[in-house]
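Structure first, then comments.
Predicted model, so just to flag it, every value in this text is computed and none were measured.
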Amino acid sequence: MYRTHTCGELRIADVNKNVTLSGWVQRVRNLGGMTFIDLRDRYGITQLVINSESSEDLASKADKLGREFVIQVMGAVAERSSKNSKIPTGDVEIILEKIEILNVSAVPPFTIEDDTDGGDELRMKYRYLDLRRTPVRRNLELRHQMGIEIRNYLSEKGFLDIETPFLIKSTPEGARDFVVPSRVHPGQFYALPQSPQVFKQLLMVAGYDRYFQIVKCFRDEDLRADRQPEFTQIDCEMAFVGREEVLSAFEGLTKHLFRKVKNIEIKDDFPRMSYADAMEFYGSDKPDIRFGMTFKNLTTQVQGKGFKVFDDAEYIGGICAEGCGEYSRKELDKLTDFVKKPQIGAQGLVYVKYNEDGTFKSSVDKFFDAEQLKLWADTFEAKPGDLLLILAGQKNKTLNALSELRLEMGSRLGLRDKNVFAPLWVVDFPLLEWDEDSQRFYAMHHPFTSPVKDDLELLNSDPGKVRADAYDLVINGVELGGGSIRIHNDQLQKKMFEVLGFTDEEARNQFGFLMNAFKYGAPPHGGIAFGFDRWVSLFAGLDSIRDVIAFPKNNAARDVMIDSPSPIHLSQLEELYIQLRATE
């Protein structure tokens with residue numbers, strides 16, 4: 001056998017045992033009379049020792065070892081005289097009797113250490129080497145543990161794990177599909193699922209009242225830290241339920257994961273916030289409620305005083321940064337530069353310092369006297385020593401910029417502790433959003449989301465005011481999951497397609513199978529889908545989901561390790577009846 005123990009297994013109780021280990025050489029330290037080798041596998045590191053004087057042949061063999069050589073060793077476990085409390089095997093070492101080189105290694109392109117010298121692109125190119133590093137391994141172990149806990153919890157609650165197809169029908173609503181040409185049906189295409197949405201609804205029609213799946217999904221969209229073209233979703237659906245039953249079930253799952261994985265007991269019910277309040281007070285539908293600093297609307301209070309920036313603005317609002325009244329001009333200039341970044345888009349920043357002596361210093365002293373600034377401070381419930389930061393402009397853009405400014409100040413003030421978790425349900429989203437370019441409504445979630453019952457009549461008179469019976473789970477400003485109560489009535493579904501601008505023919509062509517299914521006794525149903533990658537990265541304290549995926553794509557949606565996407569042979573294109581068009 002190649003090993004009797006792993007490199008993370010041996011303890012002081014194993015002293016005097018003869019063992020065989022196999023693994024990768026982490027490092028070799030030749031100290032003259034003694035040679036030390038750190039041997040690593042997925043389970044940990046064990047120190048190996050050679051006395052160069054009494055074991056010249058072994059010492060000579062050790063001198064030929066390089067980083068990442070794969071070796072097998074045999075020897076006796078001994079107590080270390082100089083213990084290493086930083087590793088579980090730090091009380092023991094192996095007095096070597098034999099070394100066998102199983103495979104040599106080229107010099108790695110970066111050091112395979114916790115703190116590596118490899119940049120992102122280099123590590124992605126050699127991802128199989130990056131995966132040997134302890135932080136990456138721990139992320140995948142966490143992912144594994146969470147997957148087991150999710151399956152166990154949902155299984156115990158009566159949910160069935162049912163697979164749904166990967167080759168499905170393309171539906172142009174939502175993000176762009178990845179399409180797959182059909183050789184058997186020339187000129188026709190499958191799509192990879194953006195989610196199993198219609199299939200889980202069909203499972204409800206079929207009588208499988210509790211379904212779940214940890215499933216790959218695919219979206220051809222621009223990437224960012226929490227997006228990948230292929231990602232993993234915890235997909236769930238329930239029949240004969242309303243909103244309360246769904247939220248209760250998955251609040252239970254969330255608390256279970258915190259308890260089992262993070263050893264955090266959450267006893268209180270998760271707070272709920274309407275979409276309207278989230279936007280008004282946080283400028284985001286995924287507010288981070290670990291800290292306050294909520295928005296105050298100054299629009300009516302400050303207009304008409306001759307300050308053109310305010311007088312011409314649709315919305316004027318701001319935040320109070322406690323204890324920041326001593327900010328220097330340099331620090332304020334940095335904040336101004338921050339909000340003026342193209343991705344944030346503010347035109348500038350107005351500040352008001354509430355000095356410790358009760359006086360005020362602001363960037364708009366020419367237009368507003370101390371009495372007026374005191375009224376602003378009262379609106380913000382500010383105290384001496386605080387700093388008011390105010391933005392103005394078109395409402396939606398300004399709310400978004402103010403949201404980014406709030407998060408930036410939260411980070412600067414240490415209010416976004418990754419070891420503190422603040423869950424929240426955001427509810428009552430708009431059912432529809434209006435697109436000026438196409439002059440039509442689009443579904444804010446998807447076209448199968450049910451309106452809130454009290455708003456049904458508005459579908460005819462004022463569709464833009466209809467609220468969706470939808471909900472998102474937000475933790476620390478991260479949207480972990482979202483769902484809704486679904487439409488289960490074919491007439492209401494037909495009306496929804498009509499409001500979205502579908503002709504009867506278009507609706508039948510794209511979703512006829514679902515509408516037909518609704519004619520055969522569809523139960524009331526609803527569900528939710530969680531971003532599994534996002535949830536793992538949140539628990540791991542990471543900002544990017546890429547670090548919890550074994551083989552991710554880079555920011556350009558490329559797999560630089562296998563060089564994909566890549567051209568395919570002309571004969572394959574001909575088989576698929578596809579002809580490439582030259583581009584400039």
Side-chain angles (χ1 to χ4, degrees), residues 278-416 477:
M279 296 306 296
E280 187 70 22
F281 298 114
Y282 296 89
S284 169
D285 60 2
K286 45 182 186 294
D288 185 346
I289 60 169
R290 282 175 292 180
F291 63 103
M293 220 182 292
T294 52
F295 301 174
K296 301 295 183 183
N297 188 335
L298 293 173
T299 309
T300 57
Q301 188 174 339
V302 302
Q303 286 186 324
K305 309 296 183 184
F307 183 45
K308 186 173 173 59
V309 172
F310 283 177
D311 292 345
D312 293 346
E314 179 186 2
Y315 172 87
I316 303 130
I319 57 174
C320 175
E322 291 186 22
C324 295
E326 296 297 319
Y327 262 36
S328 66
R329 183 56 185 265
K330 184 177 180 181
E331 288 172 308
L332 291 167
D333 286 345
K334 284 183 179 179
L335 284 178
T336 302
D337 292 340
F338 173 81
V339 299
K340 291 170 75 172
K341 288 179 179 179
Q343 61 268 38
I344 296 176
Q347 297 300 307
L349 174 69
V350 171
Y351 69 85
V352 179
K353 293 183 178 184
Y354 194 170
N355 297 322
E356 292 286 358
D357 62 5
T359 61
F360 294 91
K361 172 63 180 172
S362 84
S363 53
V364 288
D365 284 340
K366 292 181 181 179
F367 302 94
F368 301 93
D369 59 27
E371 185 177 345
Q372 291 169 318
L373 296 178
K374 178 65 169 66
L375 292 175
W376 296 13
D378 291 343
T379 299
F380 281 90
E381 300 176 357
K383 307 180 299 297
D386 291 347
L387 173 68
L388 309 186
L389 300 169
I390 299 162
L391 301 179
Q394 191 271 331
K395 184 171 184 178
N396 288 340
K397 289 183 178 179
T398 305
L399 285 172
N400 179 69
L402 204 50
S403 173
E404 295 295 333
L405 178 60
R406 174 181 177 269
L407 294 175
E408 174 68 13
M409 292 305 299
S411 296
R412 289 186 179 208
L413 296 174
L415 303 175
R416 302 178 72 192

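- At least one test fails for R406 against the ring of F281: distance under 6.0 Å to the centre or angle within 45° of the axis.
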Checklist entry - Could you walk me through whether F367 and V302 pass the side chain to side chain contact (heavy atoms under 4.5 Å, CB included) check? => result CA-CA 10 Å; F367 302 94; V302 302; over 6 Å; no

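- Across all non-hydrogen atoms, the minimal contact from A313 to V309 is CB-O, 3.5 Å.
- With values rounded to the nearest 0.5 angstrom, Q301 atom CD is found 6.0 Å from L375 atom CG.
- Shown here for M293 and I319, the closest heavy-atom pair between the two residues is O-CG2, 3.4 Å.
- The backbone N or O of G306 lies less than 3.5 Å from a partner atom in the side chain of D311, making a donor-acceptor pair.
- The CE atom of M279 lies 6.5 Å from the OG atom of S284; values are rounded to the nearest 0.5 Å.
- No side-chain donor-acceptor contact under 3.5 Å links R416 to the backbone of S411.
- In this structure, the separation between CZ on F291 and CE on M409 is 9.5 Å, given to the nearest 0.5 Å.
- Between the side chains of S362 and D365, a donor-acceptor pair is found at a separation under 3.5 Å.
- Remark: side-chain polar atoms of E404 are not paired, donor with acceptor, to backbone N or O of A401 under 3.5 angstrom.
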Name every donor-acceptor pair, under 3.5 Å, that has one atom in a side chain of residues 381-400 and the other anywhere in the protein, sequence neighbours excluded.
residue : atom : partner : partner atom : Å
D386    : OD1  : G323    : N            : 2.9
D386    : OD2  : K383    : N            : 2.8
Q394    : OE1  : N396    : N            : 3.4
Q394    : OE1  : K397    : N            : 3.0
T398    : OG1  : G393    : N            : 3.3
T398    : OG1  : Q394    : O            : 2.7

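- E356 CD to T359 OG1: the interatomic distance, rounded to the nearest 0.5 Å, is 10.0 Å.
- K330 meets the salt bridge (Lys or Arg N to Asp or Glu O under 4.0 Å) test with no other residue; sequence neighbours excluded.
- Counting non-hydrogen atoms of neighbouring residues, nucleotides and ligands closer than 6.0 angstrom, the CD atom of E326 reaches no more than 12 such neighbours.
- Between Y327 atom OH and Y351 atom OH the span is 14.0 Å, to the nearest 0.5 Å.
- Within the 4.5 Å cutoff, the side chain of K305 has no heavy atoms near those of the V364 side chain.
- Under the 3.5 Å distance criterion, the side-chain polar atoms of N355 are left unmatched by any main-chain donor or acceptor of D357.
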Using residues 338-350 as the side-chain source, report each donor-acceptor pair under 3.5 Å to any protein atom, sequence neighbours left out, with the distance given to one decimal.
none

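- Using a 4.5 Å cut-off on side-chain heavy atoms (C-beta onward), I289 and Y282 make contact.
- Atoms CG and CG, on L332 and D337 in that order, are 11.0 Å from each other to the nearest 0.5 Å.
- Inter-residue side-chain proximity for C324 and L413 is flagged as met; some heavy-atom pair is nearer than 4.5 Å.
- Ring geometry for Y354 versus F360: interplanar angle under 30°, hence parallel rather than tilted (30 to 60°).
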